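Data first, discussion second: the structure below is written as structure tokens.
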Amino acid sequence: QAQATRRTCTLACAGGESLPKLASDGTPLVEGFDPPPPPADAVQIVSPILTNIAPGDNIEYCYYSKYILREKTPFRAGQGFQAPGGHHVVAYWRADPQPETTHPCTEDDMLKMHVLSGGGAEAGNGIINGLPEGTAFHVPAGAQIILNVHVLNASPKPIDSQAVVNLYRADPSLQPISSFYVTGTDLTIPVGESKSYHTSCPAKYPMKVVRLLGHMHEWGTRSQITITRPTLPPDPVYDKPGSPEFSYNPPALDFPISAPLQINAGDVIGATCTWKNTTDHALSFPDEMCAAFGYILGSDPEHGCSDGAWNN
């Protein structure tokens, strides 16, 4: 039976082999990966070991965990940990639980999941990503927690990897929020070039935004978000330089609950990213990405727009 603390066989084990180190829930941990046990006020989700990731592989896995919420639960923050090869890990929830399984994520997976929080990416291990002050994601009873684990093997040998997310519980009185994103996938950055890319979608619903943030990877040099209202020029509401941690800890622009950024139906949400390709090959999605993310007041399902089409 798994103990409350992680353990390793320190004496000679049967057959002369060491037992694998275990997470607090009894899940075996990949060699060299040592995430801390869950804090008292958090739910910890541990992915299985993702084995034999080939050199050059760039894969997003979806782990449908066995963790099903017994009651409506508010979450105020997330914290990710990843073994070598980890690019990011994000926790989502899904209203219709599926059997526990792990597979490369599909478009169908992503369309049915609602974002919570995460982090990781080795250098970002342990960073607590909190929500805007006074807010929480209120996740319904019966929801299943899913991990999106992005792994990139830049080494010359196959590797095994793994991820852990802590989701911090919140006071039920906190204001419920949901989220939206706008992204595009038809991007190409030639070798040695600097290039900008723009994607946009007209909002289908009015939204009250309490946080905006961009998303791009390590070759990004600038991330911009604009809101274009009918008959008016684009309003540059977010403009941040790239940085090594942008992919897992992008700078956020917050608005108070009492004075959120109002986006009306028909307003065009735009994301513009600029990159410098310093590799020896052309970059495309998902090696690089360009997205605008927003946290919005209310409990609507996440609204996502990819390549001009909304998911709901």
Side-chain angles (χ1 to χ4, degrees), residues 2 4 6 21-30 32-50 53 59-70 73-95 97-98 100-105 109-110 112-131 135-140 143-152 160-170 177-179 181 213 215 245 247-250 252 293 295 302:
R6 294 156 291 139
K21 186 174 287 186
L22 303 179
S24 58
D25 68 351
T27 302
L29 294 171
V30 69
F33 185 42
D34 193 26
D41 59 344
V43 171
Q44 185 172 86
I45 309 297
V46 183
S47 83
I49 297 173
L50 306 169
I53 300 161
I59 306 171
E60 291 192 27
Y61 291 96
C62 281
Y63 167 52
Y64 284 75
S65 79
K66 55 182 175 287
Y67 198 94
I68 310 296
L69 294 179
R70 297 177 182 176
T73 306
F75 293 107
R76 61 178 175 82
Q79 181 182 35
F81 300 88
Q82 285 188 282
H87 188 279
H88 68 251
V89 56
V90 179
Y92 291 80
W93 65 271
R94 178 167 170 159
Q98 304 297 301
E100 184 181 8
T101 185
T102 305
H103 58 255
C105 295
D109 288 319
M110 303 310 294
K112 295 179 180 179
M113 302 190 319
H114 309 278
V115 72
L116 287 170
S117 187
E122 290 192 83
N125 279 346
I127 293 174
I128 296 177
N129 293 300
L131 298 178
T135 69
F137 285 120
H138 291 246
V139 184
Q144 179 180 28
I145 305 299
I146 303 163
L147 297 188
N148 171 270
V149 185
H150 187 178
V151 180
L152 173 62
D160 296 341
S161 195
Q162 196 169 21
V164 170
V165 168
N166 293 329
L167 294 173
Y168 288 81
R169 300 181 186 89
I177 60 170
S178 182
S179 60
Y181 65 85
L213 59 157
H215 180 70
E245 66 271 15
S247 64
Y248 59 85
N249 188 30
F293 285 95
Y295 294 155
E302 182 180 52

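The chain is numbered in sequence order, starting from 1. Bear in mind that the values here come from a model prediction, so they are computed numbers and not experimental data.
- Here the side chain of Gln162 pairs a donor or acceptor atom with the backbone of Pro28 at under 3.5 angstrom.
- Side-chain atoms of Glu302 do not come within 3.5 Å of backbone N or O of Ser178 as any donor-acceptor pair.
- Side chain of Thr27 to backbone of Pro48: no donor-acceptor contact under 3.5 angstrom is found.
- Taking CD1 from Ile59 and NE2 from His87, the interatomic distance works out to 13.5 Å, rounded to the nearest 0.5 Å.
- Here the two rings, on Tyr295 and Phe137, have centers that are under 6.0 Å apart.
- In this structure, Ser47 and Thr102 have side chains that are not in contact, with every pair of non-hydrogen atoms separated by 4.5 Å or more.
- At distances below 3.5 Å, not a single donor-acceptor pair connects side-chain atoms of Ser24 with backbone N or O atoms of Pro37.
- Of all the heavy atoms in Ala83 and Ser161, the pair that sits closest is O-OG, 3.6 Å.
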Give the C-alpha distance, both sets of side-chain angles, the deciding distance and a yes or no for side chain to side chain contact (heavy atoms under 4.5 Å, CB included) between Tyr61 and Ile53.
CA-CA 11 Å; Tyr61 291 96; Ile53 300 161; 4.0 Å; yes

For Val164 and Phe33, what are the C-alpha separation, side-chain angles and deciding distance, and is it a side chain to side chain contact (heavy atoms under 4.5 Å, CB included)?
CA-CA 10 Å; Val164 170; Phe33 185 42; 3.9 Å; yes

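- The nearest pair of heavy atoms linking Ser65 to Glu100 is C-CG, 4.3 Å.
- Across every non-hydrogen atom of Pro104 and Asp109, the tightest pair is O-OD2, 4.1 Å.
- Partner of Ser117 under the side chain to side chain contact (heavy atoms under 4.5 Å, CB included) criterion, out of Val90, Val89, Ile128, Asn129: Asn129 alone.
- Listed for the Arg169 side chain is no donor-acceptor partner under 3.5 Å among the backbone atoms of Phe75.
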Show, in sequence, the C-alpha distance, side-chain angles and deciding distance for Trp93 and Leu69, and conclude whether the side chain to side chain contact (heavy atoms under 4.5 Å, CB included) test is met.
CA-CA 10 Å; Trp93 65 271; Leu69 294 179; 6.0 Å; no

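- A distance-only check finds a donor-acceptor pair linking the side chain of Gln44 to the backbone of Pro36 [under 3.5 Å].
- The CG atom of Leu116 lies 14.0 Å from the CZ atom of Arg76; values are rounded to the nearest 0.5 Å.
- The shortest distance between side-chain heavy atoms of Val149 and Gln82 falls below 4.5 Å.
- Classified by interplanar angle (parallel below 30°, tilted 30° to 60°, perpendicular above 60°), the ring pair His88/His215 is perpendicular.
- Taking CD1 of Ile45 as the start and CG of Leu147 as the end, the distance is 6.5 Å to the nearest 0.5 Å.
- A donor-acceptor pair under 3.5 Å is absent between the side-chain atoms of Gln79 and the main chain of Gly119, judged by distance alone.
- Between atom NE2 of residue His150 and atom CD of residue Glu60 there is a gap of 5.0 Å, rounded to the nearest 0.5 Å.
- Ile49 approaches Val30 most closely through the heavy-atom pair CD1-N, 3.6 Å.
- Among residues two or more places apart in sequence or in another chain, the ring-ring contact (aromatic ring centres under 6.0 Å, His included) test is passed with Tyr64 by His103.
- How far SG of Cys62 is from NZ of Lys112: 12.5 Å, rounded to the nearest 0.5 Å.
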Let me see the working for Leu167 and Ile145 under side chain to side chain contact (heavy atoms under 4.5 Å, CB included), right down to the final yes or no.
CA-CA 10 Å; Leu167 294 173; Ile145 305 299; 4.1 Å; yes

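- A heavy-atom distance below 4.5 Å is not found between the side chains of Ser179 and Phe293.
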